[in-house]
Amino acid sequence: MKAAFAPTLEGWYERHRRDLPWRHTRDPYRIWLSEVILQQTRVAQGRPYYERFVEAYPTVTDLALADERELLRLWQGLGYYSRARNLHQTARYITEQLNAEFPATFDGLLSLKGIGVYTAAAVASFAFGERVPVVDGNVYRVLARVFGITEDITTTGAKKTFAKLASELIQPASDPATYNQAIMEFGAIQCTPVSPDCLLCPLQQSCNAYQTGRQQRLPVKAKKEPVRNRYFNYLVLRQNGKLVMRERTARDIWQNLYDFWLVETDEPITALTDLNLPDELAKLVQQGRLTGNPVPLTQLLSHQRIRGQFFLVDLPDTVSMPLPTGFGQYSMDEINQLPKPVLVTTYLNEWLG
DNA sequence: AATACGGGGGG
DNA sequence: CCCCCAGTATT
């Protein structure tokens, strides 16, 4: 299967490749320039920038001598402006320290500022013909699908898996540069992130994802939802050994589990009086007394960090309890039978067990 | 290992 | 409108 992979891809490339300006040169400067512009950027957006840059700075020395403000102005709208600054810095370094001569190897290129593994491989292969695989987002996607790799591509382990596979796949290629172009172009045009054109795909028969109907699911990518901090301030009302609890019904975490009266805040609070309680409840609390210090407990979810704080308030047996809707009084035996968030269970076990 | 860096395209 | 996009440097 691996032996048939590269020839098929290259055949496809021959028929479908787009005519792009940086594909007409082997000048490492222009290839480098195009690759940096194309980092995190779609071809349609980057192309006019490439043409303007080549026009304004035809050689690495021209770029080295460029006025930084003018360079940044040309870059305007592309984003990630450190790319432009690194471009400038590296152009000066090459001009001044390397006699305007580009390093001709992957390792030499990798040592330059703004050139990482992907760009070093691209320039080494496209400009110098080095047999080193490019591994960009397109390649992750194509390989994940064709070989049915389900590793999360954002992990270090997966990066090694893909790099190793890519390295094996490029070995039999008759022309490493064309192979690299082919697999990236294939990812960009045929094996697209959304609605890949599987019905007309030359790899259909050998594609693991297509054969198992998983092309929409691959590659696996962890969502990078930022961890949200939430502060759950719980009022734990106790009377006659019973606790006031309710079932969580909102469209939120812990649906259908039981917890206490909850006051959620965006920032930590320290005192019981910081809890914004409805009048009825506040009156009730006034008749009782806070037992011990508030108990802080944290629970880490995949995308939320819940910082719980439990305020235990004991009420005299004599006061009657007009409870808010949905709340009830539960004995410890009953509570044991209720489904509860780990955070609540931990609190109960450690402080009320 | 996690985070910051920008803007555009697509559903 | 929100979701997605995946290279490099820095912490």
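Only this structure's heavy atoms are used, side chains among them; waters, hydrogens and symmetry mates stay out. As the structure is a prediction and not an experimental result, all values here were calculated from the model.
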Open item on the list: In whole Å, measure the gap between the C1' atoms of dA9(C) and dG8(B) for me.
Closed with: 23 Å
TODO: Using the six-membered ring of Y50(A), assess whether NZ or CZ of R47(A) lies under 6.0 Å from its centre and within 45 degrees of the ring axis.
DONE: no
TODO: Quote, to the nearest angstrom, the P distance that separates dG6(B) from dT11(C).
DONE: 15 Å
Task: L9(A) reachable from V135(A) in the ILVMFWY side-chain graph, under 4.5 Å edges - done: yes
Task: E247(A) bridged to K340(A) by N-O distance under 4.0 Å - done: no
Task: Contact list for DNA chain B against residues 40-57 of chain A - heavy-atom distance below 4.0 Å - done: Q40(A), R42(A), Q45(A)
Open item on the list: Tell me if the centroids of the rings in W12(A) and F186(A) come within less than 6.0 Å of each other.
Closed with: yes
Task: Each stem that DNA chain B is part of, given as range with range (3 or more consecutive Watson-Crick or G-U pairs, under 3.5 Å) - done: B:1-5 with C:7-11, B:7-11 with C:1-5
- [ ] Of all the heavy-atom pairs spanning P58(A) and D62(A), show the shortest one and how long it is.
- [x] CD-OD2, 3.0 Å
Task: Stretch residues 113-138 of chain A: residues that reach within less than 4.0 Å of DNA chain B through a heavy atom - done: none
TODO: Carefully, step by step, assess Q181(A) and T178(A) under the rule side chain to side chain contact (heavy atoms under 4.5 Å, CB included).
DONE: CA-CA 5 Å; Q181(A) 290 283 188; T178(A) 302; 5.5 Å; no
Open item on the list: Is the phosphate of dC5(C) approached by K221(A) (side-chain N or O, under 4.0 Å from OP1 or OP2)?
Closed with: yes
- [ ] May I have the distance from Q89(A) (atom CD) to dA9(C) (atom P), rounded to whole angstrom?
- [x] 10 Å
- [ ] Give the rounded distance in Å between these two atoms: CG of L78(A) and C1' of dT8(C).
- [x] 16 Å
- [ ] Would you mind checking if D259(A) and R246(A) are paired as a salt bridge, meaning a charged N to carboxylate O distance below 4.0 Å?
- [x] yes
Open item on the list: How many whole angstroms separate atom CG of L38(A) from atom C1' of dG8(B)?
Closed with: 14 Å
Task: Common cluster, V295(A)/F232(A), ILVMFWY with side-chain heavy-atom separation under 4.5 Å - done: yes
Task: Test: E68(A) and R85(A) ion pair at under 4.0 Å - done: no
- [ ] Could you give the distance separating dG9(B) and dT8(C) at their P atoms, to the nearest angstrom?
- [x] 23 Å
Open item on the list: Is it the case that the side chain of R83(A) and the backbone of I37(A) share a donor-acceptor pair, with hydrogens and angles ignored and the cut-off at 3.5 Å?
Closed with: yes
TODO: Could you check how far CH2 of W75(A) sits from C1' of dT8(C), rounded to whole Å?
DONE: 12 Å
- [ ] Check the pair Y49(A), W75(A) against ring pair (Phe, Tyr, Trp, His ring centres under 6.0 Å), reporting the backbone distance first and the verdict last.
- [x] CA-CA 7 Å; Y49(A) 285 85; W75(A) 195 268; 7.2 Å; no
- [ ] Measure from CD1 on I153(A) to P on dG7(C) and round the result to the nearest Å.
- [x] 10 Å
Open item on the list: Output the rounded distance in Å from CZ (R141(A)) to P (dC4(C)).
Closed with: 14 Å
Task: Nucleotide dC5(B), atom P - distance to CG of N86(A) in whole Å - done: 15 Å
Task: Position toward the 5' end of DNA chain B (nearest nucleotide), R85(A) or V194(A) - done: R85(A)
Open item on the list: If hydrophobic clusters are built from ILVMFWY residues whose side chains come within less than 4.5 Å, do L218(A) and Y210(A) share one?
Closed with: no
TODO: Provide, to the nearest angstrom, the distance between the CG atom belonging to L110(A) and the C1' atom belonging to dG7(C).
DONE: 12 Å
